[in-house]
Amino acid sequence: MDGTDEVVISSRIRLARNVSDLPFPSKLNDERASLVARKVYDAVNPTDNYDLYKMSNISEIDGNVLMEKHLISADLLHNNQFGAAIINESETVSIMINEEDHIREQCIMKGFRLTEAYDKINAVDDIISGKIKFAFDPKLGYLTSCPTNLGTGLRASVMMFLPGLTITKSLDSVLSAVSRLSMTVRGVYGEGSDASGYIYQVSNQKTLGVTEAEIIASVETSIKHIVDAELKSRDMLLKSNEAELKDEILRAYGILSCAYKMSCREFMKLAALVKLGGYYKLLKISDRNRLEKLITDVQPANLISICAKKLDADERDVYRAEFASKIIKNIVSRDGVSR
């Protein structure tokens, strides 16, 4: 094991496409916008189990659940008139309709699997392009609403867990190095969001004048560099103040196990320390996938959906602590783990 799976959470490939001879979504205010969703759904549904979600028909809670799962964006959620999402049963493929572009196709996979994610979404793209003519220019490539997506229209992004670099304040120097490869870094929910729980998204900036394979290779090179730097920072962090770090990790485990009330922000900080405790073998995490899912489950809308009743802010914090405690006690322990 090279440590990549200790740092990389998930991989995503997103393709931006627009329908030929239609105005971009910001200028498309008639029924032709609604037809885009139907055409895309009819094209892909025979190939997998897909659900069509129209933003005008779903509740605010259900919309936010999808957003917290990274299946739709905030911009799409607020397009109540013509916005839609087409999502497969496994929630690995999500197609946003009438967001910034007519069609935004994405595939999300656990772990460092950019090439697999690309192969899957490229197959979906081929199916859609067989039914819909995309706006394409021989010189510029795929035409997009924002010039930064011109060309391939491809964004390759990786969600990373970077506590070592963050706590040791080494992140900026590492990001400066990878920026020379035209990479950008955002928070857990994309542009404008913070890196809650030491979670960051790293993705390519350049889409024009490069091939899909070149983009993916460039992102993979950057990710490997960041992984190496993160693991070195974790070693340095432990050596610099071992007793204090161990105490902070085990206190986090204790609070997650026993707290009566907990905000989402507090949970993210404590869960990050528990994950770090697993890396240092201070804690035994029997089901890492369940721990990652818990991070989504305790977000406000997902928590309300799981509880299946309305909760005000205080009630939500109490329920979050109770729900998280049960999961943590089931999958995290100190039994058999060295002090």
Side-chain angles (χ1 to χ4, degrees), residues 1-13 68-70 108-114 117 156-175 177-178 183-191 193-204 219-238 240 245-246 248-253 255-256 264-299 302 324 327-328 331-332:
M1 183 180 71
D2 64 0
T4 301
D5 60 346
E6 297 284 351
V7 180
V8 173
I9 298 170
S10 62
S11 304
R12 184 189 74 161
I13 298 290
E68 289 172 359
K69 290 181 176 182
H70 301 280
I108 301 176
M109 290 189 166
K110 295 176 183 176
F112 195 24
R113 300 163 66 189
L114 282 175
S157 64
V158 175
M159 198 82 76
M160 307 189 74
F161 177 54
L162 304 176
L165 288 170
T166 306
I167 297 170
T168 61
K169 302 187 186 304
S170 307
L171 187 60
D172 287 346
S173 61
V174 173
L175 298 184
V178 300
M183 296 297 121
T184 186
V185 179
R186 298 184 172 98
V188 63
Y189 284 103
E191 190 171 0
S193 64
D194 62 14
S196 184
Y198 309 121
I199 299 174
Y200 300 81
Q201 288 188 58
V202 181
S203 64
N204 63 297
V219 174
E220 287 180 337
T221 298
S222 298
I223 297 306
K224 289 173 182 176
H225 176 76
I226 297 172
V227 167
D228 184 58
E230 167 63 21
L231 295 177
K232 289 178 180 177
S233 290
R234 292 186 192 183
D235 290 342
M236 182 174 70
L237 181 63
L238 186 62
S240 65
L245 180 61
K246 286 182 176 180
E248 192 173 2
I249 287 170
L250 294 175
R251 283 178 184 273
Y253 169 56
I255 294 170
L256 277 176
C264 190
R265 181 173 290 276
E266 183 184 15
F267 170 86
M268 292 295 287
K269 179 182 178 181
L270 297 174
L273 288 168
V274 166
K275 285 176 64 177
L276 194 57
Y279 172 77
Y280 289 131
K281 300 191 185 307
L282 289 169
L283 298 169
K284 182 178 180 181
I285 302 172
S286 62
D287 190 342
R288 290 170 55 178
N289 287 335
R290 185 65 189 91
L291 181 58
E292 294 295 345
K293 186 176 183 298
L294 179 61
I295 291 171
T296 300
D297 286 345
V298 300
Q299 300 303 313
N302 274 272
I327 303 299
I328 292 295
I331 65 172
V332 182

TODO: Test Met183 against Asn204 for side chain to side chain contact (heavy atoms under 4.5 Å, CB included), laying out the working first.
DONE: CA-CA 5 Å; Met183 296 297 121; Asn204 63 297; 4.1 Å; yes
TODO: May I have the step-by-step check of side chain to side chain contact (heavy atoms under 4.5 Å, CB included) for Ile328 and Leu294, ending in yes or no?
DONE: CA-CA 9 Å; Ile328 292 295; Leu294 179 61; 4.0 Å; yes
- [ ] Go through the steps for Asp5 and Arg288 under the test side chain to side chain contact (heavy atoms under 4.5 Å, CB included), then give the verdict.
- [x] CA-CA 10 Å; Asp5 60 346; Arg288 290 170 55 178; 4.1 Å; yes
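With values rounded to the nearest 0.5 angstrom, Tyr279 atom OH is found 5.0 Å from Asp235 atom CG. The CG atom of Leu291 sits 6.5 Å away from the NZ atom of Lys275 when rounded to the nearest 0.5 Å. Atoms NZ and CG, from Lys110 and Asn289 in turn, are 4.0 Å apart once rounded to the nearest 0.5 Å. Once rounded to the nearest 0.5 Å, the distance linking OG of Ser10 with CE of Met160 reads 10.5 Å. For the atom pair CD1 (Ile199) and CE (Met268), the distance works out to 4.0 Å, reported to the nearest 0.5 Å. Considering OG of Ser233 and NZ of Lys169, their distance stands at 12.5 Å, rounded to 0.5 Å.
Not counting sequence neighbours, the partners of Arg234 by the side-chain hydrogen bond (donor to acceptor under 3.5 Å, both in side chains) test are Glu230. By the salt bridge (Lys or Arg N to Asp or Glu O under 4.0 Å) test, Lys293 is found to be paired with Asp297, residues two or more places apart in sequence or in another chain being considered. Shown here are the side-chain hydrogen bond (donor to acceptor under 3.5 Å, both in side chains) partners of Lys232, two or more places apart in sequence or in another chain: Asp228. Evaluation of the salt bridge (Lys or Arg N to Asp or Glu O under 4.0 Å) rule for Glu266 yields no partner, not counting sequence neighbours. Listed by chain and residue number, Ser170 satisfy the side-chain hydrogen bond (donor to acceptor under 3.5 Å, both in side chains) test with Thr168 (two or more places apart in sequence, or in another chain). With sequence neighbours left out, the side chain to side chain contact (heavy atoms under 4.5 Å, CB included) criterion links Thr166 to Leu162, Leu171, Tyr198, Tyr200.
Taking every heavy atom of both residues into account, Leu282 and Leu250 meet most closely at O-CD2, 4.4 Å. Ala229 and Val174 make their closest contact through CB-CG2, 3.8 Å (heavy atoms, listed as atom of the first residue, atom of the second, distance). Pairing each heavy atom of Ala272 with each of Phe161, the nearest pair is O-CZ, 3.3 Å. Nearest heavy-atom pair across Val274 and Ile285 is O-CD1, 3.8 Å. The minimum heavy-atom distance between Val178 and His225, with the atom names listed, is CG1-CD2, 3.7 Å. For the pair Asn302 and Thr296, the tightest heavy-atom approach, listed with the atom from each and the gap, is CB-O, 3.4 Å.
Looking at Arg12 and Val158, their side chains never come closer than 4.5 Å, going by heavy atoms from C-beta outward. Counting heavy atoms from C-beta outward, Leu165 and Ile226 have side chains that approach closer than 4.5 Å. Within the 4.5 Å cutoff, side-chain heavy atoms of Leu238 are placed close to those of Leu245. Two residues are said to be in side-chain contact when any heavy atoms from C-beta on lie closer than 4.5 Å; Thr4 and Ile223 fail this criterion. Within the 4.5 Å cutoff, side-chain heavy atoms of Lys224 are placed close to those of Phe112.
Between the side chains of Arg113 and Ser11, no donor N or O sits under 3.5 Å from an acceptor N or O.
Checked by atom type and distance alone, the side chain of Gln299 pairs as donor or acceptor with a backbone atom of Ile295 at under 3.5 Å.
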